Amino acid sequence: HGFDYRRRVVTLNLSRGGHVGGDREVKAEEDGWSLFKAGLAVEDPFELFYDVAHVVKVADFHHIRREMALAYSKIVAAAEAGGRLCV
C-alpha cells in the first residue's frame, strides 16, 4: 500500500498509466486541480478533467485510508494462509 496520494492521481485511463495516473502537478497545470488538497485525487473515467474525490473531506479521507490499509492487511494474510480469508 505504497501509493503516493500526495503526488499521484488515481485513474483508469491506460494512456496515463492505469490506476496510478500522472502527477498532480500535471493535472493542476492541465485541468486546474489543486496541488494543496490533503486527500486522494481520482480522475473521472469519462470526464478526465474532473476530480471525483474533490468532495471527500480530510477526516473522511483518513477513515477511507485506514479501511484500505485494513483490507490490504487482510488480503496479505489470506494470501499467506494459502488463500483462506482470515476475518
Side-chain angles (χ1 to χ4, degrees):
H1 60 284
F3 181 76
D4 187 359
Y5 65 89
R6 290 181 180 98
R7 293 185 44 211
R8 306 293 287 173
V9 174
V10 176
T11 181
L12 298 178
N13 187 343
L14 293 178
S15 68
R16 293 188 184 274
H19 305 298
V20 293
D23 288 337
R24 275 187 180 215
E25 289 184 17
V26 173
K27 290 302 287 183
E29 188 173 321
E30 290 178 354
D31 298 320
W33 289 21
S34 174
L35 285 175
F36 307 105
K37 183 179 157 209
L40 194 62
V42 181
E43 182 181 67
D44 186 293
F46 303 105
E47 298 177 356
L48 303 181
F49 61 87
Y50 188 70
D51 177 7
V52 297
H54 79 278
V55 296
V56 177
K57 294 177 176 70
V58 174
D60 295 331
F61 169 68
H62 290 299
H63 177 76
I64 292 167
R65 192 167 169 225
R66 282 191 305 271
E67 290 297 317
M68 295 298 272
L70 178 62
Y72 175 82
S73 298
K74 288 183 176 188
I75 291 168
V76 168
E80 289 173 351
R84 295 185 316 272
L85 185 59
C86 304
V87 180

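Because the structure is a prediction, the values reported are computed rather than measured.
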Student: List, by chain and number, the other hydrophobic cluster members for Phe36, where Ile, Leu, Val, Met, Phe, Trp and Tyr join if side-chain heavy atoms come within less than 4.5 Å, directly or indirectly.
Tutor: Leu35
Student: Taking atom CH2 of Trp33 and atom CG of Asp23, what is their separation to the nearest 0.5 Å?
Tutor: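 One finds 12.5 Å between CH2 of Trp33 and CG of Asp23.
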Student: For a 4.5 angstrom cut-off between non-hydrogen side-chain atoms, does Val10 reach Leu40?
Tutor: yes
Student: Taking all non-hydrogen atoms of both residues, which atom of Lys27 and which atom of Leu48 are closest, and how far apart?
Tutor: NZ-O, 2.6 Å
Student: Inspect the contact between Asp4 and Arg8 and indicate whether a charged nitrogen and a carboxylate oxygen are less than 4.0 angstrom apart.
Tutor: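 Judged by the 4.0 Å cut-off on N to carboxylate O distance, Arg8 and Asp4 do not form a salt bridge.
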Student: Rounded at 0.5 Å granularity, tell me how far CG in Asp44 sits from CZ in Phe49.
Tutor: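 The CZ atom of Phe49 is 7.5 Å from CG of Asp44, to the nearest 0.5 Å.
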Student: Can you give me every donor-acceptor pair (side chain of residues 52-68, partner residue at least two apart or in another chain, under 3.5 Å) with its distance?
Tutor:
residue: His54; atom: ND1; partner: Asp51; partner atom: O; Å: 2.8
residue: Arg65; atom: NH1; partner: Tyr5; partner atom: OH; Å: 3.4

